[in-house]
Amino acid sequence: FSLAADLGNIEGLVMLGYMKEKALSVNKDQYGAEELYLRALAKSLNIEPNGNDPLRYKGGYPRAAYYLGKLYESLDSDSSKYTIKSRGFLLLAAEQGYLGAQQELAKLNFEGKQGLRSFKDSLRWSIQAGRQGDLNSVFFAALHYDMGLGITSDRERAISLYKEARIKGYPGIDCLIYGNNQSDKT
């Protein structure tokens with residue numbers, strides 16, 4: 001990936017950044033990874049890398065934005081300057097349909113990590129990821145509707161989503177659809 005990155009290949013920049021971040025066959029270098037992810041974003045937009053403000057890179061390569069968001073998330077502490085940057089880059093990727101970023105935002109918003117808990121945003125990103133076929137996200141959205149998290153409780157919508165997940169192969173979901181009375185199955 002070094003040669004591809006040296007030639008300015010966007011995917012080469014991202015993969016070399018990932019290798020540096022995770023210490024895969026190279027020395028761990030989180031700042032080097034950050035630089036490579038930012039270069040990939042800038043290259044995808046035909047701009048020069050300049051700082052790490054997520055708004056500067058809007059519309060940039062979503063995979064680079066996702067990995068950069070995850071990198072900042074790993075550097076984050078409860079009062080870290082990386083919180084806003086992490087969410088910003090994850091949001092850039094999620095808005096472009098990057099599944100991993102949508103899943104991560106659903107989880108972060110549900111758990112209240114990085115400062116804010118928002119069941120409404122958790123539901124939003126669960127629905128988006130579910131539309132891409134992620135069964136965990138379909139199930140997660142169903143739980144939101146079932147428990148009234150971020151939305152008015154809607155048992156019919158929850159059951160519809162539970163059934164969708166079941167049909168697509170999500171295991172062990174009948175008890176949520178039918179309760180303990182399995183004779184209600186149709």
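What you see is a predicted model; the values in this text were computed from it and never measured. FYI, the numbering just counts along the sequence from 1.
- Rounding to the nearest 0.5 angstrom, the gap separating the CZ atom in Phe110 from the CG atom in Asp121 is 13.5 Å.
- Summarising the geometry, atom CG belonging to Leu91 is positioned 11.5 Å from atom CG belonging to Leu108; distances are rounded to the nearest 0.5 Å.
- Distance alone, capped at 3.5 Å, is enough to place a donor-acceptor pair between the Gln132 side chain and the Gly97 backbone.
- Distance alone, capped at 3.5 Å, places no donor-acceptor pair between the Gln102 side chain and the Trp125 backbone.
- Closest approach of Pro54 and Lys85 over heavy atoms only: CG-O, 4.0 Å.
- With hydrogens and angles ignored, the 3.5 Å screen pairs a side-chain donor or acceptor of Arg56 with a backbone N or O of Asn50.
- Considering CZ of Arg131 and OG of Ser137, their distance stands at 12.0 Å, rounded to 0.5 Å.
- When hydrophobic clusters are built by joining Ile, Leu, Val, Met, Phe, Trp and Tyr residues whose side-chain heavy atoms come closer than 4.5 Å, directly or via intermediates, Tyr31 is grouped together with Leu16.
- Between Asn136 and Tyr170, some side-chain heavy-atom pair lies under the 4.5 Å cut-off.
- Side-chain contact between Arg87 and Leu90: absent, with no pair of heavy atoms (C-beta onward) separated by less than 4.5 Å.
- Using modelled atom types, one side-chain atom of Ser74 and one backbone atom of Leu71 make a donor-acceptor pair closer than 3.5 Å.
- With rounding to the nearest 0.5 angstrom, the CD1 atom of Ile151 is 13.5 Å from the CZ atom of Arg124.
- In terms of heavy atoms, Gly60 sits closest to Gln96 at O-NE2, 2.8 Å.
- Side-chain contact annotation: Asp134 with Gln103, donor-acceptor N/O pair under 3.5 Å present.
- Between Phe89 and Tyr37, the distance from one ring center to the other does not fall under 6.0 angstrom.
- Within 6.0 Å of the NZ atom in Lys58, the count of heavy atoms belonging to other residues, nucleotides or ligands does not exceed 12.
- A 6.0 Å sphere centred on CD of Glu156 holds no more than 12 heavy atoms belonging to other residues, nucleotides or ligands.
- Distance check: Leu36 CG to Lys20 NZ gives 5.5 Å after rounding to the nearest 0.5 Å.
- Considering all non-hydrogen atoms of both residues, Ala93 and Ala101 come closest at CB-CB, 3.6 Å.
- At a threshold of 4.5 Å between non-hydrogen side-chain atoms, the residues Asn52 and Tyr57 do not count as touching.
- Using a 4.5 Å heavy-atom threshold, the side chains of Leu68 and Leu38 count as touching.
- Every residue two or more places apart in sequence or in another chain was checked for a ring-ring contact (aromatic ring centres under 6.0 Å, His included) with Tyr61, and none qualifies.
- Looking at heavy atoms from C-beta onward, Glu95 lies out of side-chain contact with Gln128 at the 4.5 angstrom threshold.
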Which is it for Tyr145 and Ile159 under the side chain to side chain contact (heavy atoms under 4.5 Å, CB included) test, yes or no, and what are the steps along the way?
CA-CA 9 Å; Tyr145 281 102; Ile159 288 174; over 6 Å; no
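- Residues Gly8 and Lys43 share a closest heavy-atom pair of O-CE, 3.1 Å.
- A pairwise comparison of heavy atoms in Arg39 and Ala5 identifies NH2-O, 3.6 Å as the closest pair.
- Checked by atom type and distance alone, the side chain of Arg155 never pairs as donor or acceptor with a backbone atom of Asp146 at under 3.5 Å.
- Within the 4.5 Å cutoff, no side-chain heavy atoms of Leu41 are placed close to those of Pro49.
- Annotation for Gly169 and Leu135: closest pair C-CD1, 4.2 Å, computed over non-hydrogen atoms.
- Under a hydrophobic-cluster definition in which Ile, Leu, Val, Met, Phe, Trp and Tyr are linked whenever side-chain heavy atoms come within less than 4.5 Å, directly or via other members, Phe140 and Phe119 are assigned to the same cluster.
- Checking side-chain atoms of Ser153 against main-chain N and O of Met147 turns up no donor-acceptor pair under 3.5 Å.
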Could you walk me through whether Tyr72 and Glu34 pass the side-chain hydrogen bond (donor to acceptor under 3.5 Å, both in side chains) check?
CA-CA 9 Å; Tyr72 289 146; Glu34 175 189 31; 2.4 Å; yes
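- In the hydrophobic clustering of ILVMFWY residues, with side-chain heavy atoms under 4.5 Å counting as a link, Leu92 and Leu75 come out together.
- Under the 4.5 Å side-chain heavy-atom criterion for grouping Ile, Leu, Val, Met, Phe, Trp and Tyr, Val14 is connected to Leu45 within one hydrophobic cluster.
- Within the 4.5 Å cutoff, the side chain of Leu176 has heavy atoms near those of the Phe139 side chain.
- Note: the hydrophobic cluster containing Val138 does not contain Ile177 (ILVMFWY, side chain heavy atoms under 4.5 Å, direct or indirect links).
- Residue Lys70 holds its NZ atom at 9.0 Å from CD of Glu21, rounded to the nearest 0.5 Å.
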